[in-house]
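Below is one structure, written out as structure tokens, with a few remarks after it.
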There are 2 protein chains.
Amino acid sequence: MESYKDRFTDFIHRLQNEICQALEAEDGQAQFQQDEWQRPGGGGGKSRVMAGGQVFEKAGVNTSAVYGQLPPAMMQYLQVPHDQFFACGISLVLHPLNPWVPTVHANYRYFELYNPQGGLADQWFAGGADLTPYYLFAEDATHFHQTHKTVCDQFDPAFYPRYKRACDEYFHNHHRAEARGIGGLFFDYLRPTAPHPADFWYRFTTQVGQAFLPAYRPIVQRRKALTFTAAHKHWQEIRRGRYVEFNLLHDKGTLFGLRTNGRIESILMSLPATVRWEYNHQPTPGSPEAALLEVLRQPREWV
Amino acid sequence: MESYKDRFTDFIHRLQNEICQALEAEDGQAQFQQDEWQRPGGGGGKSRVMAGGQVFEKAGVNTSAVYGQLPPAMMQYLQVPHDQFFACGISLVLHPLNPWVPTVHANYRYFELYNPQGGLADQWFAGGADLTPYYLFAEDATHFHQTHKTVCDQFDPAFYPRYKRACDEYFHNHHRAEARGIGGLFFDYLRPTAPHPADFWYRFTTQVGQAFLPAYRPIVQRRKALTFTAAHKHWQEIRRGRYVEFNLLHDKGTLFGLRTNGRIESILMSLPATVRWEYNHQPTPGSPEAALLEVLRQPREWV
């Protein structure tokens, strides 16, 4: 049997291909450009970015598989005593052109640590996906959550509520007392402990990963042809500002990557193409824009 | 003789009026709107923002004078043992529409701490100004620095090199290994210690503050009527992304304000109106855009 390391590395590359192919098909115009990079300490990654599409204004789908010596800052961050590591994962952020289509983020990753003799000392799976609409369609939110819940329920009915709540807690712009979006799933440190062996978490994480396209693609298909005005685009750009605020102020992955000299352009590919900040911008009470804010201020149960 | 508290509070309000008046005159179209706010724990501020001008796309000139009990996080941040404080200051960020006109930031502030009996336990002045051009005009950079050096030299010839260097060190986007702009002055914790009484630092800080308009206004006048293309604007928006990155990732004042529940809209008025992130954007070698980057990667002596 192949190691989880190899199996998960295969998985992220297959998923990267599958997702990029689907997104190019949805877009019908733009194509992903790939940059392969090597990490001096060991390993590397494949960054794929699509820009200026008719559906996706900016989309990044990155994989990386890195290994070697963990910097002290990362040992502290992960709260682990071992300094030899392997990590692989896929991370994506899609910023659609059309404000009726939500932005989405997802990542699925696997981590191993080794003792000084090279033996496996620790391992865990992690990941999740979350949706950031500019206008709220309850049926889209429900579809996104239901698709994820269906996968979770095949493993344990306690998982969806637990990881949905963790997602709401994590993707929160504390300084504005509002959520980044309408959530999804967020899970971390899924270690093989009784009654769940590593294989259980491998299957869970990869099946959640395979649910990404079924969760997101139908929403794109429903909304991508809707016409929009400059006012809708303006609101999208204002909200994208909040996305930038979250990623630069609160996102642990982003901050950690920047502090440990990760590849800047791969880390910051998550930032939207065009963004706007206006002083004290407030949507008109009763407007669709105000309706979105209400949901962001009070996370909702969607299924 | 009035207290420094009162004198500096008067100073920042006079300077706010003077600067806003000058900027409205330079703009010739837009006007500042004022929001007055109260701080629940004591004091408040006046935020003035001008948006959509023909010269200034977004300009904020804020004053605040606050007092009361210092939150524990702020005592730790300031590394002081006292929890009763007074702080007042003026802070401004000007984002011109025209990419030939540089963005500028300045702030001048005064701080007091009190012992449990209410006596003055500590006091200091702080501030500075720095210029962020999108295209480099050496004569503009030299004028900005020379104006500040002239003021500094009236107090001590060691000041300009010291505070110029501190500015280069502070306004640095470490994650990109480049400066935010071409610098200026940055000074902090100017306490009354021999041979310099509080009055010396009061005069120094207020005279540096009064040098703001002479340092910046002539640059605006020289550049504001130059014609620009969509490509110039595009580059300005890319560079504004770096400005946002600095303010959200590195700027201590911004991060501190957000963590201590400051008034969000006053803190984030520093962010530009329209901003752009493109994956792996690189200017053409030999272009004016590339020339700017060279200077940002290697701070220069301008006088």
Side-chain angles (χ1 to χ4, degrees), chain A residues 32-35 37 47-52 57-62 93 95 173-178 233-234 237-238 240-251 254-282, chain B residues 32-35 37 47-52 57-62 93 95 173-178 233-234 237-238 240-251 254-282:
Chain A
F32 280 94
Q33 302 299 319
Q34 174 169 301
D35 277 336
W37 52 272
S47 295
R48 290 194 191 156
V49 175
M50 176 160 81
E57 194 167 342
K58 190 174 172 192
V61 183
N62 297 347
V93 179
H95 290 289
N173 258 330
H174 299 278
H175 63 291
R176 295 207 182 256
E178 66 184 34
K233 194 71 190 164
H234 181 271
E237 292 183 344
I238 294 280
R240 283 176 173 176
R242 307 299 196 261
Y243 206 88
V244 172
E245 289 174 23
F246 180 83
N247 286 18
L248 297 184
L249 288 170
H250 304 300
D251 186 56
T254 301
L255 297 180
F256 188 78
L258 295 177
R259 281 192 201 121
T260 53
N261 300 312
R263 184 175 179 263
I264 300 300
E265 290 297 334
S266 297
I267 298 166
L268 296 184
M269 68 88 190
S270 66
L271 302 181
T274 62
V275 185
R276 189 180 290 270
W277 276 274
E278 287 182 8
Y279 174 72
N280 217 5
H281 183 276
Q282 305 285 351
Chain B
F32 279 95
Q33 303 298 320
Q34 174 167 301
D35 277 336
W37 52 274
S47 294
R48 291 193 191 159
V49 175
M50 176 160 80
E57 193 168 343
K58 190 174 172 190
V61 183
N62 296 348
V93 179
H95 290 290
N173 259 330
H174 299 278
H175 63 291
R176 297 212 181 251
E178 65 184 35
K233 193 73 189 163
H234 181 271
E237 291 183 344
I238 293 281
R240 283 175 173 175
R242 307 298 196 263
Y243 206 87
V244 172
E245 289 175 24
F246 180 83
N247 286 19
L248 298 185
L249 288 170
H250 304 301
D251 186 56
T254 301
L255 297 179
F256 188 77
L258 294 177
R259 282 193 201 120
T260 53
N261 299 313
R263 184 173 180 266
I264 300 300
E265 291 296 335
S266 296
I267 298 167
L268 297 184
M269 67 87 190
S270 66
L271 302 181
T274 62
V275 185
R276 189 180 290 270
W277 277 274
E278 288 182 8
Y279 175 72
N280 216 7
H281 184 277
Q282 305 286 352

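Just so we're on the same page: letters track the sequence lines, and every chain starts at 1.
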For this session: Let me know if B:L271 has heavy atoms under 4.5 Å from chain A in its side chain, its backbone, both or neither.
Result: both
Exercise. Side chain, backbone, both or neither: which part of B:I238 has an atom under 4.5 Å from a heavy atom of chain A?
Worked result: neither
Problem set entry | Largest heavy-atom contact set with chain B, pairs under 4.5 Å, which of A:T274, A:L258, A:N280 | A:N280
Problem set entry | Straight-line distance of A:S270 OG to B:Y279 OH, nearest 0.5 Å | 12.5 Å
Exercise. Which bit of B:L268 is near chain A, if near means a heavy-atom gap under 4.5 Å: side chain, backbone, both or neither?
Worked result: side chain
Problem set entry | Between CD on residue B:Q282 and CD on residue A:E265, distance to nearest 0.5 Å | 7.0 Å
Problem set entry | Any residue meeting ring pair (Phe, Tyr, Trp, His ring centres under 6.0 Å) with A:H234, in chain and number order, not counting sequence neighbours | A:H281
For this session: List in chain and number order the residues that pass side chain to side chain donor-acceptor pair (under 3.5 Å) with A:H175, two or more places apart in sequence or in another chain; answer none if no residue qualifies.
Result: A:E245, A:H250
For this session: Drop me the distance from B:N247's CG to A:L249's CG, to the nearest 0.5 angstrom.
Result: 10.0 Å
Exercise. Contact part of B:A51 toward chain A, heavy-atom cut-off under 4.5 Å: side chain, backbone, both or neither?
Worked result: neither
Problem set entry | Heavy-atom side-chain proximity of B:R276 to A:V275 below 4.5 angstrom | no
Seminar exercise, completed: Assert top hit (heavy-atom pairs under 4.5 Å, partner chain B, pool A:H174, A:K58, A:Q33) equals A:K58
